2 protein chains.
Amino acid sequence: MSMDAAFRALADPTRRLLLDSLHARNGQTLNALCEHMEMTRQAVTKHLAILEEANLVTTIRRGREKAHYLNPVPINEIAERWIGKFERHRLNALSDLKQRLEREEP
Amino acid sequence: MSMDAAFRALADPTRRLLLDSLHARNGQTLNALCEHMEMTRQAVTKHLAILEEANLVTTIRRGREKAHYLNPVPINEIAERWIGKFERHRLNALSDLKQRLEREEP
DNA sequence: TTGACATGCAACCAAATGGTTGCATATTAA
DNA sequence: TTAATATGCAACCATTTGGTTGCATGTCAA
């Protein structure tokens with residue numbers, strides 16, 4: 001479980017938009033997802049492949065269509081294993097920073 | 001306040017390592033941060049500039065040294081405003097996905 | 001069966017990214 | 001003052017990224 005793939009996948013605004021879109025309506029086909037994107041279908045396909053690679057999206061082929069489903073597990077892992085670490089000491093770090101700034105810029 | 005800069009900054013493993021390093025010991029100088037990195041000081045400088053641009057790191061010049069401090073606020077914002085959205089419906093989305101998978105692959 | 005529709009695949013391209021080397025500048029210490 | 005130290009800046013380079021176009025394949029409906 002690399003978490004790196006998820007971080008890199010989340011770096012692109014288009015891909016975050018795609019996740020948003022699936023969050024609003026899960027199980028959309030490729031064409032449906034392309035509807036409000038300002039780029040070609042092929043470009044969207046590439047973004048979806050990266051999301052799938054990162055395990056953020058799961059797909060199911062149904063006839064000639066392909067349905068896309070959000071998988072929130074990697075996002076959850078980032079939240080728990082990575083962000084949690086920084087949150088825990090958030091107030092400490094903030095007060096550290098404030099003290100430094102106040103000391104340096106009187 | 002874009003959140004986009006933070007997402008892009010977090011995409012690189014070296015930069016996440018730098019944040020980890022600052023989390024372990026806050027206020028390190030550039031040279032101290034370079035110590036355990038497998039690249040030139042100039043490369044680390046570029047990564048730190050990106051972290052600073054994304055407001056994840058704040059620096060204070062002290063004589064000929066430059067101290068780097070972690071700023072957890074953008075990470076917190078990502079957690080609250082973006083990840084929170086997906087966490088809230090996590091169980092729903094998961095059961096949706098399971099149902100679909102079970103229906104399609106009997 | 002045939003045409004329309006949904007998706008897949010590959011080559012290509014410009015721009016961004018992550019790294020390097022070389023040299024300049026500023027500060028501290030001897 | 002001078003030498004060592006800490007950082008800054010710029011040019012350069014290979015690879016990755018994000019997009020395009022063109023065409024192929026598979027599936028449904030008339």
Side-chain angles (χ1 to χ4, degrees), chain A residues 2-22 25-69 100 103-105, chain B residues 2-22 25-69 100 103-105:
Chain A
S2 61
M3 204 173 312
D4 187 68
F7 267 114
R8 276 190 294 116
L10 293 178
D12 186 271
T14 299
R15 291 194 285 270
R16 293 199 303 277
L17 251 183
L18 285 169
L19 292 181
D20 284 344
S21 184
L22 287 179
R25 190 154 56 92
N26 212 6
Q28 291 182 70
T29 68
L30 172 59
N31 260 349
L33 285 169
C34 286
E35 209 92 316
H36 301 289
M37 299 289 163
E38 301 283 311
M39 63 187 71
T40 62
R41 170 182 57 80
Q42 287 87 338
V44 176
T45 301
K46 286 192 186 178
H47 283 299
L48 288 170
I50 291 172
L51 288 170
E52 210 174 338
E53 184 76 18
N55 207 27
L56 285 158
V57 162
T58 305
T59 62
I60 296 172
R61 195 64 192 252
R62 192 178 302 113
R64 64 179 162 181
E65 295 185 337
K66 193 174 183 183
H68 296 75
Y69 292 90
R100 286 288 174 182
R103 195 183 306 171
E104 297 298 319
E105 300 170 15
Chain B
S2 61
M3 201 173 311
D4 186 68
F7 268 115
R8 277 190 293 116
L10 293 178
D12 186 89
T14 300
R15 290 194 285 270
R16 293 199 302 278
L17 252 183
L18 286 169
L19 292 181
D20 284 344
S21 184
L22 286 179
R25 189 154 57 92
N26 211 4
Q28 292 182 70
T29 68
L30 172 59
N31 260 349
L33 286 169
C34 286
E35 209 91 317
H36 302 289
M37 299 289 161
E38 301 283 310
M39 64 187 69
T40 61
R41 170 181 58 81
Q42 286 87 338
V44 176
T45 302
K46 285 192 187 178
H47 284 299
L48 287 170
I50 291 171
L51 289 170
E52 209 175 338
E53 185 76 18
N55 207 28
L56 286 158
V57 162
T58 305
T59 62
I60 296 171
R61 196 64 193 254
R62 193 176 302 113
R64 64 180 162 183
E65 295 185 338
K66 194 174 181 182
H68 296 75
Y69 292 90
R100 285 289 175 182
R103 197 185 303 169
E104 297 298 320
E105 299 169 15

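So that the names make sense, note that chain A is the first sequence line, chain B the second, and so on, each numbered from 1. For the numbers below, each heavy atom of this structure counts, side chains included, while hydrogens, waters and symmetry mates do not. Small disclaimer: the values here were computed from a predicted structure and weren't measured.
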For this session: Whole angstrom is fine here: how far is it from CG in D12(A) over to P in dT17(C)?
Result: 11 Å
For this session: Report the residue (G63(A) or A11(A)) whose heavy-atom-nearest nucleotide on DNA chain D is the more 5′ of the two.
Result: A11(A)
Exercise. For the pair made of CD1 in I60(A) and P in dT7(C), what is the distance, rounded to whole Å?
Worked result: 14 Å
Exercise. E65(A) CD to dA4(C) P: how many Å, rounded?
Worked result: 18 Å
Problem set entry | L56(A) and I50(A), any side-chain heavy atoms less than 4.5 Å apart | no
Problem set entry | DNA chain D contacts made by residues 35-52 of chain A, counting heavy atoms under 4.0 Å | M39(A), T40(A), Q42(A), A43(A), K46(A), H47(A)
Exercise. Side-chain contact, heavy-atom cut-off 4.5 Å: L19(B) with V57(B)?
Worked result: yes
Seminar exercise, completed: In whole angstroms, the gap separating P of dC5(C) from CG of N31(A) amounts to 11 Å
Problem set entry | Boundaries of the chain B footprint along DNA chain D (any atom under 4.0 Å from a heavy atom) | dA4(D) to dA11(D)
Exercise. More than 12 heavy atoms of other residues, nucleotides or ligands under 6.0 Å from CD of Q42(B): is that the case?
Worked result: yes
Exercise. Got a donor-acceptor contact below 3.5 angstrom from the T45(A) side chain to the R41(A) backbone?
Worked result: yes
Exercise. If every non-hydrogen atom of G27(B) is compared with every non-hydrogen atom of A67(B), which pair is closest and at what distance?
Worked result: O-CB, 3.7 Å
Problem set entry | Closest contact, heavy atoms only, F7(A) versus L10(B) | CD2-O, 3.7 Å
For this session: Give a yes or no on whether a salt bridge exists between D20(B) and R16(B), defined as a side-chain N under 4.0 angstrom from a carboxylate O.
Result: no
Problem set entry | Main-chain N/O of Q28(B) paired to H68(B) side chain as donor or acceptor, under 3.5 Å | yes
